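Remember, predicted model here, so these are calculated numbers, not experimental data. Along the sequence shown, the residues carry numbers beginning at 1.
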Amino acid sequence: MSLSTWPADKDGWPADEDRSPADDDRSQAEATNRSSNRLTNGLFVLGATVTGLLFLAGAWERRWIADDGLIVLRTVRNLLAGNGPVFNAGERVETNTSTIWTYLVYAGSWISDARLEYVVLTIALVLSTSAVVVAMWGTYALRARERLGTPEGHLSRTGGVAAYLPAGVLVYIAVPPARDFATSGLETCLVIFWIAVLWLLMVRWATREVSVPAVLFLAFWAGLGPLVRPELVIMSGLALVMIFLARQSWPSRLLVFVFAGAVPVLYQIWRMGYYGLPYPNTAVSKDAGGAKWSQGFDYLWNLLGPYLLLLPLVVLLIAGVVSIGRRGRPTVPRSIGDAQRVLRTPTAVVVFVLLGGALSLVYAVRVGGDFMHGRTLLPALFTILLPVSVLPLRIPNRNSGVRGILIFAIGAVAWITTVVWAFFAANTTGMPQGSIVGRSGIVDERAFYALNTGHAHPILADDYLDYPRMRPMVEAIENTPDGGLLLPSAQFTYWDVVPPPLPIPPGGAGHTVFFLNLGMSSMNVGLDVRVIDQMGLAYPLASHTERLENGRIGHDKNLYPDWVVADLGLVGEHPFLPWYMDEDWVIEADVALSCPDTQELISSYRAPLTKDLFVRNIKRSLFYAGYRIDRVPEYEIQRCGLEPPIPKADS
């Protein structure tokens, strides 16, 4: 009898009386596999949901916006007002490190017309929560591929259900700085979201046949890295090299190149012409290419030490290696074709994120880290934990054997250890005495501002009016309608004001605030008030000074106010100058500003933007980036070969 003539039941199988024992075994195995798959998927979805909600709750419980986060909002205000992507109208200075974060906040503000601080808070919470869920999804897709073994998948090889439980993500969200900078107004939320999506896209690219549009979107996403944050060029570069060199046609490689480079290259050309720099001014201000290894190692231990962070990292490393199971000897590529195929494998993707995370860690340590506890190490930590963001626990059954039981036991111990550690780490106070700026210069930024503003959750710019000097600053502006330069006094209760020269134009000559805390200062005054800082984030004259060798990390430039008085053409004589300023220094600063290279630098961002200036800025951007002046006016006059002025006492 042919199969077509067999009587069949409603499921399409041969009737029971004609079914063989082999058919019954196969049917039972497939039913078991389907049931196990549903249970495995359900456990993963439950774990991802709980983890996402935990991070959301933790981020909300520690919600705030940092002073540096408010700096971004000043640029967004200027964008909304039509002044362009600038911090002060009339000066083309890129004060925000993350280009995409600036425009993302701008887009959210333009669409919603909501208060900027609430727009930032909403975007940050969504991106931070999504990042950990997407990270888990990518790892699950990778490990499930190993578990299934074939495109169809057969759980019988593993000996039962595999529970994919949150592990590495628990380590990340348990560290207090991760929850602090889940909001903060800074781009950390965007950085980890970009990394998580890149991880998921790379896993899908390496484990399945994907369409050409999917590959091009992967290339496009990878290419955005430097616009998310400049040092992400490390991750971008590694990913794009893998994609470009993998086996494909040359026309496909050309498309990958175009889609990856179109946006960052076009923006780079525009940045060089508009701002006159090849990277954000923040990199000039902080000399991001410099090396401070000793400070960097102090910064690394400042994160590892308080939470015993090495413990879960080592435990999960061991569990991750054990969970891979038995492997054959790695295949050594014997041809270019073999090497191209190896690049598009799960192993290669794991190596990619581990190498990218390690290099990102080395870079952060090399530049000395940051003054904010843990902030610049969070992306590296997040990246290194990706392969173990979820940990498979393969539930033993009668077919598992001793080896299967041992692997399960090691995984279970590792997961329980991680959960217990995470509970205690999440409930620590964090950096000891973190609200005090000690010798290391590192501070728990959220605790510092919560203490000094008196607000547990300083979010609105108005909250920072309770920070020392802020209300007196606003009052000083109101009390000096003629305008002038506001300098912070040592008394905290008033500001020294250097007046403009006579005659005063109608409506006043305008105010300039010269203060380190750019965010709170700029967000509590109108856009007509110029706000600059001695470190140079918003004031290129300061950012182009030499780095102080033993200065506080992230604050190791300090321009004297004499330069600002001379630059603005204010009254540089006593009694109009504060007592601590020297008239001769102001005169010398005025002469030093006449240095031709300095004048060219100033015109690159202050002069009206014409086609000729745009082209010149592109050509000279590398020169401007490396140009430095001496913060002591007398020495700058000598450096530039200018004629020293006659001291006022001798004139």
Side-chain angles (χ1 to χ4, degrees), residues 87-91 93 285 469 472-473 476-477 479-491 494-505 508-518 521-522 525 528-546 557-595 597-599 601-603 605-606 628-640 642-651:
F87 192 80
N88 291 303
E91 293 186 339
V93 181
S285 173
R469 292 195 175 100
M473 177 196 71
I477 292 174
N479 295 333
T480 53
D482 289 346
L485 172 65
L486 274 70
L487 300 174
S489 72
Q491 301 303 316
Y494 72 92
W495 290 65
D496 294 313
V497 181
V498 182
L502 298 175
I504 304 298
H511 292 90
T512 296
V513 177
F514 186 58
F515 190 49
L516 178 64
N517 296 99
L518 279 177
S521 303
S522 64
V525 297
D528 58 328
V529 177
R530 190 164 173 250
V531 183
I532 56 178
D533 62 311
Q534 60 266 46
M535 196 176 74
L537 289 176
Y539 194 34
L541 201 60
S543 67
H544 286 272
T545 57
E546 294 287 353
K557 293 189 177 182
N558 189 7
L559 187 70
Y560 295 114
D562 311 81
W563 288 89
V564 186
V565 173
D567 183 30
L568 300 182
L570 302 176
V571 179
E573 301 177 351
H574 293 300
F576 303 101
L577 285 178
W579 63 269
Y580 49 81
M581 294 183 66
D582 191 317
E583 295 178 357
D584 287 334
W585 273 53
V586 175
I587 296 172
E588 290 170 346
D590 187 57
V591 173
L593 284 170
S594 67
C595 181
D597 285 340
T598 303
Q599 282 297 305
L601 171 69
I602 292 173
S603 68
Y605 64 89
R606 277 189 189 166
R628 295 293 183 270
I629 65 176
D630 198 300
R631 59 198 287 265
V632 178
E634 179 183 356
Y635 299 157
E636 175 61 13
I637 290 173
Q638 297 173 8
R639 184 196 69 82
C640 204
L642 301 173
E643 185 69 25
I646 298 174
K648 188 168 183 180
D650 299 336
S651 61

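In this structure, the separation between CD1 on Ile629 and CG on Leu601 is 8.0 Å, given to the nearest 0.5 Å. Atom OG of Ser522 and atom CZ of Arg530 lie 13.5 Å apart (nearest 0.5 Å). Residue Met473 holds its CE atom at 10.0 Å from CG of Asn517, rounded to the nearest 0.5 Å. Rounding to the nearest 0.5 Å places CG of Leu568 at 6.0 Å from CD1 of Ile532. Note: Asp533 CG to Leu518 CG = 4.0 Å, rounded to the nearest 0.5 Å. Of the inter-residue distances, the one linking Asp562 atom CG with Met581 atom CE reads 4.0 Å to the nearest 0.5 angstrom.
Across all their heavy atoms, Pro488 and Phe515 have their closest contact at CG-CD1, 3.7 Å. Scanning all heavy atoms of the two residues, the minimum distance from Gly508 to Ile504 falls at CA-CG2, 3.9 Å. Nearest heavy-atom pair across Pro500 and Asp482 is CG-O, 3.5 Å. Nearest heavy atom pair, residue Leu487 against residue Val498, reads CD1-CG2, 4.1 Å. Of all non-hydrogen atoms in Pro578 and Asp496, the two that sit nearest each other are CG-CB, 3.8 Å. A pairwise comparison of heavy atoms in Tyr605 and Leu541 identifies OH-N, 4.1 Å as the closest pair.
Under the salt bridge (charged side-chain N to carboxylate O under 4.0 Å, His left out) criterion, Arg631 pairs with no residue at all, not counting sequence neighbours. Phe576 is linked by a ring pair (Phe, Tyr, Trp, His ring centres under 6.0 Å) to nothing, counting only residues two or more places apart in sequence or in another chain. Take Asp528 and apply the side-chain contact (heavy atoms from CB on, under 4.5 Å) test, not counting sequence neighbours, and it matches no residue. For Glu643, there are no side-chain contact (heavy atoms from CB on, under 4.5 Å) partners at least two apart in sequence or on another chain.
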Using the rule given for side chain to side chain contact (heavy atoms under 4.5 Å, CB included), can you reason through Trp495 versus Val513, listing the C-alpha separation, both sets of side-chain angles and the distance that settles it, and then say yes or no? CA-CA 10 Å; Trp495 290 65; Val513 177; 3.9 Å; yes
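With hydrogens and angles disregarded, a donor-acceptor distance shorter than 3.5 Å links the side chain of Arg469 to the backbone of Ser489. Looking only at distances, no side-chain donor or acceptor of His511 sits under 3.5 Å from a matching main-chain atom of Ala476.
Contact check for Glu546 versus Asp630: no side-chain heavy atoms found under the 4.5 Å cut-off.
For the side-chain hydrogen bond (donor to acceptor under 3.5 Å, both in side chains) condition, the pairs that include at least one residue of residues 563-575, sequence neighbours left out, are Tyr539-Asp567, Asp567-Arg606.
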Under 3.5 Å, side-chain donor or acceptor atoms of residues 585-595 against the rest of the protein: list the pairs with distances, not counting sequence neighbours.
{"residue": "Ser594", "atom": "OG", "partner": "Val591", "partner atom": "O", "Å": "2.5"}

